[in-house]
Each structure stands twice: as C-alpha cells, then as structure tokens.
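Take a look at the structure below.
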2 protein chains.
Amino acid sequence: MDIDTRLLETAERLFDHEGFNATGMGRLVRESGLSSRTVYKHVTGKNALMAKVLTERQRRFFAQLETQNTRALFASLRRWTEREGARGCLFFRVRAETGGQTPEIEAVVGAYHERLYALIMDLVARETGAADEVLADQILALFEGATAAATYRGTTVIEAAAACAEQLLARAAR
Amino acid sequence: MDIDTRLLETAERLFDHEGFNATGMGRLVRESGLSSRTVYKHVTGKNALMAKVLTERQRRFFAQLETQNTRALFASLRRWTEREGARGCLFFRVRAETGGQTPEIEAVVGAYHERLYALIMDLVARETGAADEVLADQILALFEGATAAATYRGTTVIEAAAACAEQLLARAAR
DNA sequence: CGATATGTAAAACGATCGTTTTACACCTGT
DNA sequence: ACAGGTGTAAAACGATCGTTTTACATATCG
C-alpha cells in the first residue's frame, strides 16, 4: 500500500478511537510499520497530519452523505454513526483537544462547518422553495445534536431527530 | 477568599477558556496565587481537580436552568451561553481531551448526561401527560445541537431550536 | 515558650512528547 | 559499478508536564 495512505489510515483510526493528544507520534510510527524518519519526510509534523486526517475525513463523510431530502440526510448520518461508532463529531473533538489555537486545523474545521451549513441551506431551499435561515438552523441543530447525543443515548436519537426534521420541512413546504 | 474556592474558580476559568490539557498545573499555580505545595495539599492531582470543576459546573448549570416549560428551558440555555460564551458543552470537551479513559471524570460526565435526560423526560411528561422517549430524545437533540452549533452559528440557533421544541410539544399536547 | 500546622518560593524528578539525527541497508538508473 | 534517493532501527535532544521535595517564614495554641 502507498505510504501516504497507510500513514493517513493509521492516523485517522488512532486519532478517532484514542484521541489526538492520547496518540503520540511514537505509537503512530509503531502501528503504521514505518520509521519516524519516513513519517517526518512525508508530513511536516503532527499538526499537519491532523489537518490531513480531518480533510480526508471531511471528504469521506460528505461523499457518503445523501442529500436528496431530509429523510435521506439523517438516514445516512445514522448509517455512518453505526458503521464508525458514536464518539461525537471529530471536528468538535479536535477543536477541544487543540484549544482552537492551531490555525491550520481551525481552517479545516471552519470549512467543514461552512460546508455542512451550506448543504442544509440548499436542502431546505430545494424542499420548501425558499432560503429559510431559521429552518436551516433548526435542522442543523438536530443534526449536530443527534451526533452528540448518540454518544450516550445510542443511534435511536438520530431517528428521533430525523422524524422531527421531516415534520419541520413538511409543515414549511405546505 | 477560601483557598478551595479560589483554586476551583481559577481552574474552571482556565479549563473552560483554554482547555484542560492546554492548562498546565504550573499556569494554574501561578494564576491562583497559591504555591504548588498548597495546591497539591488541597487536591490529590489534576484529574481530581478536573472532576471537581465538572461537579461544580454541573451544580451551577442546573441551578440556573428553568424547567417550568420548554420555552423557559431554552431561554435559560441561551442566557447561559451568552453569559459564559459559546464554546460547546464542557462535558463533551473534557471527554474528548481525556479520551474517556479517566474513571473519575467519566463518572461525572455520565451523571450529567443522566440528569439532563431525566430532566427533559420529566418536562415532557409534565407538558404532554405521557412519558414519551422519542419526544425526549428530540428535545435532547435540539438542546445538545443548539449548544454545539452555537459555537459557529451564534446564539440565534438556540432560539431556532427553542421554537422547534415548542412546536413539538404543542403538537404532542394537543 | 515551643511545637505543630500551614503557607510560599523554587528546585528537582521522572516520564513523555514531538522532532531530529546518526548509522546502515537496499534499490534504481546512467 | 557507483552515486543518490529512500527506507529501517534506534539513539538523542530539548521542551513540557504532573508531581514531589527542600528550605524557610508565619501564625496558632497548649
């Protein structure tokens, strides 16, 4: 396998399951089967690696997100959460772990949030015929809240949030 | 001022604004105006201090939370967020920073989540006359989601979530 | 008065971290 | 055949962290 992807896959798995700070570069070197010299020749440092992991995670998440309608959106969130495990949004978690003080990481997190909100805004406009900011905020809250609450309530909370979002849109489209 | 409260207030401010890992014990000693010897005679260590901060935060949060109805619940969440700043739920953040590997901290976080869910369940039962788990999950998602999304969308998302929760309950009470 | 407790100031300890460096092996292309 | 790139293995570096310890001052109280 390609070195960059081997490194990236190991990093995403460890960062996600154990935490960014809890995963030292030593552990990463050991589990990726590479040497530290090679690792540091492929990425400038840990911060850059974290940013790369987040960028790849964003690509993979949006690639599987179905956006025809609200039902499909929350259904794919539920599938993602069941496949990956309910550990909360990785973008919030990295911000917590870095204290929001790492510019290259803040940039990726900001981009993710903008893209998520834009996607929901677009979905709302398509389903109701109008760009309703309040409605978009409500669905965004349900989306983020389902992700967060699923960590201790399980994935059923995602279905509950989905039903709520559908009611909202049905009422607005009427 | 009492030493324990001086220590606790400094710790909560720093942990909340800068992060748990980012705030070293050295910084805490300096800003509290105490000596490290005194600090370690009042708390067993950093983990115990973090747990204490979370317990106090939980007490303070629930003490100001109004629970007569959904409107009051979200109104007090908004006031809290505007007063304290929108940096996301501290209980999720500490879990991210510790990787969920510190038993004394997991205990406090778990207790907080149980208490929050029980509070919402009770509110739902009082407003609709029935213990509806799905409805409670929906309001919980709105609550957690508003807290999370407020970090990048501002406190207006809390008002949007509040309106949504009110609609849900009005429809269920009918 | 003298002992005990409790505080400060600051050095020191051991562990861990991210990163760099050294030493060496193995391909690859002209 | 040999120089240059790329890899491994492992030691080393400097910084920082949580925590403990030493040395000393002060106040309380039998």
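Quick caveat, the model's predicted, so the values are computed rather than measured. Labels below follow one simple rule: chain letters A, B, ... track the order of the sequence lines, proteins then strands, and each chain is numbered from 1.
Atom CG in N47(B) sits roughly 13 Å away from atom C1' in dC17(D) (whole-Å rounding). F15(B) places its CZ atom 12 Å from the P atom of dC17(D), with the value rounded to the nearest Å. Between K46(B) atom NZ and dT16(C) atom C1' there is a gap of 14 Å when expressed in whole angstrom units. The CZ-P distance, from F20(A) to dC17(C), rounds to 16 Å in whole Å. Note: NE2 (H42(B)) to P (dT20(D)) measures 16 Å, nearest angstrom. As a whole-Å value, the separation of N21(B) CG from dG18(C) P is 12 Å. As rounded to whole Å, 15 Å separates atom C1' of dC17(C) from atom CG of L49(A). Between the CE atom of M25(B) and the P atom of dA10(C) there is a distance of 19 Å, given to the nearest Å.
Under the 3.5 Å distance criterion, with hydrogens and angles disregarded, no donor-acceptor pair is assigned to the side chains of E31(A) and T10(A). Of the N and O atoms on the side chains of T155(A) and E82(A), at least one donor lies less than 3.5 Å from an acceptor on the other residue.
Heavy-atom minimum distance, E12(A) versus R60(A): OE2-NH2, 2.7 Å.
Relative to the six-membered ring of F20(B), R93(B) misses at least one condition, a distance below 6.0 Å or an angle of at most 45° to the axis.
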For residues 32-42 of chain B, run the donor-acceptor check on the side chains, cut-off 3.5 Å, and write out each pair with its distance to 0.1 Å, sequence neighbours left out.
unit_1, atom_1, unit_2, atom_2, d
S32(B), OG, L28(B), O, 2.9
S32(B), OG, V29(B), O, 3.2
S32(B), OG, L34(B), N, 3.4
S35(B), OG, T38(B), N, 3.3
S35(B), OG, T38(B), OG1, 2.9
H42(B), ND1, T38(B), O, 3.0

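Residues from residues 28-41 of chain B with heavy atoms under 4.0 angstrom of DNA chain C, sorted by number: G33(B), L34(B), S35(B), S36(B), R37(B), T38(B).
Relative orientation of the F143(B) and F61(B) rings is perpendicular, given thresholds of 30° and 60° on the angle between their planes.
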